[in-house]
Amino acid sequence: MNTTVSCELHLRLVVSSESSLPVPAGLRYDTGDPYAVHATFHTGAEETVEWVFARDLLAEGLHRPTGTGDVRVWPSRSHGQGVVCIALSSPEGEALLEAPARALESFLKRTDAAVPPGTEHRHFDLDTELSHILAEN
């Protein structure tokens, strides 16, 4: 049986050094996919953008700059508060988001309680995943 950990939080989309916009977001972690955190960014009335991050990437980004390519994460401060910056890049464009560090840390602690870091392989059924992949071809 899979366990799901979820979190709703308010991010800031950095538009310029003086301006940002609110972006409501949802994070979801499922023990059936123990390496990933699924993010849904609410960009409009009914519009959403979906991203999937490595849980380890977000956890490391709480403490030091990490990531290359499409996703980079690093700790910072904004208006006196601890934030985690998440830079996303895709063919559609780029975005720099600021997440409240405490909320992200709390979410990640709850995922760690569900699947302790380093034990993900015990929750991942490689044979089943390969069967799904091969069945699609």
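The basis for the numbers below is simple: all heavy atoms, side chains too, and nothing from hydrogens, waters or symmetry mates. If you're wondering where the values come from, they're calculated on a predicted model, not measured in any experiment.
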Kindly indicate whether the side chain of [X], heavy atoms from C-beta on, has any atom under 4.5 Å from the side chain of [Y].
X	Y	result
Val115	Tyr35	no
Trp74	Arg72	yes
Glu98	Ser78	yes
Arg77	Gln81	no
Leu9	Leu27	yes
Leu108	Arg55	yes
Asp112	Arg110	no
Leu13	Ser20	no

Flag for Arg28-Thr4: side-chain donor and acceptor within less than 3.5 Å = no
ask   = Quick one: do the His38 and Asp30 side chains pair a donor with an acceptor below 3.5 Å?
value = no
task = Using modelled atom types only, decide if a donor and an acceptor are shared between the side chain of Thr31 and the backbone of Thr3 within a distance under 3.5 Å.
result = yes
ask   = Does any N or O in the side chain of Tyr29 come within less than 3.5 Å of the main-chain N or O of Ala36, such that one atom is a donor and the other an acceptor?
value = no
remark   = By side chain to side chain contact (heavy atoms under 4.5 Å, CB included), Ala103 pairs with (sequence neighbours left out) Pro100
inquiry  = Taking CZ in Arg102 as the centre, count heavy atoms belonging to other residues, nucleotides or ligands within less than 6.0 Å. Is the count above 12?
reply    = no
Kindly work out whether a path of hydrophobic side-chain contacts (I/L/V/M/F/W/Y, heavy atoms less than 4.5 Å apart) joins [X] to [Y].
X	Y	result
Leu62	Leu97	yes
Val37	Trp51	yes
Leu58	Leu96	no
Ile86	Val14	no

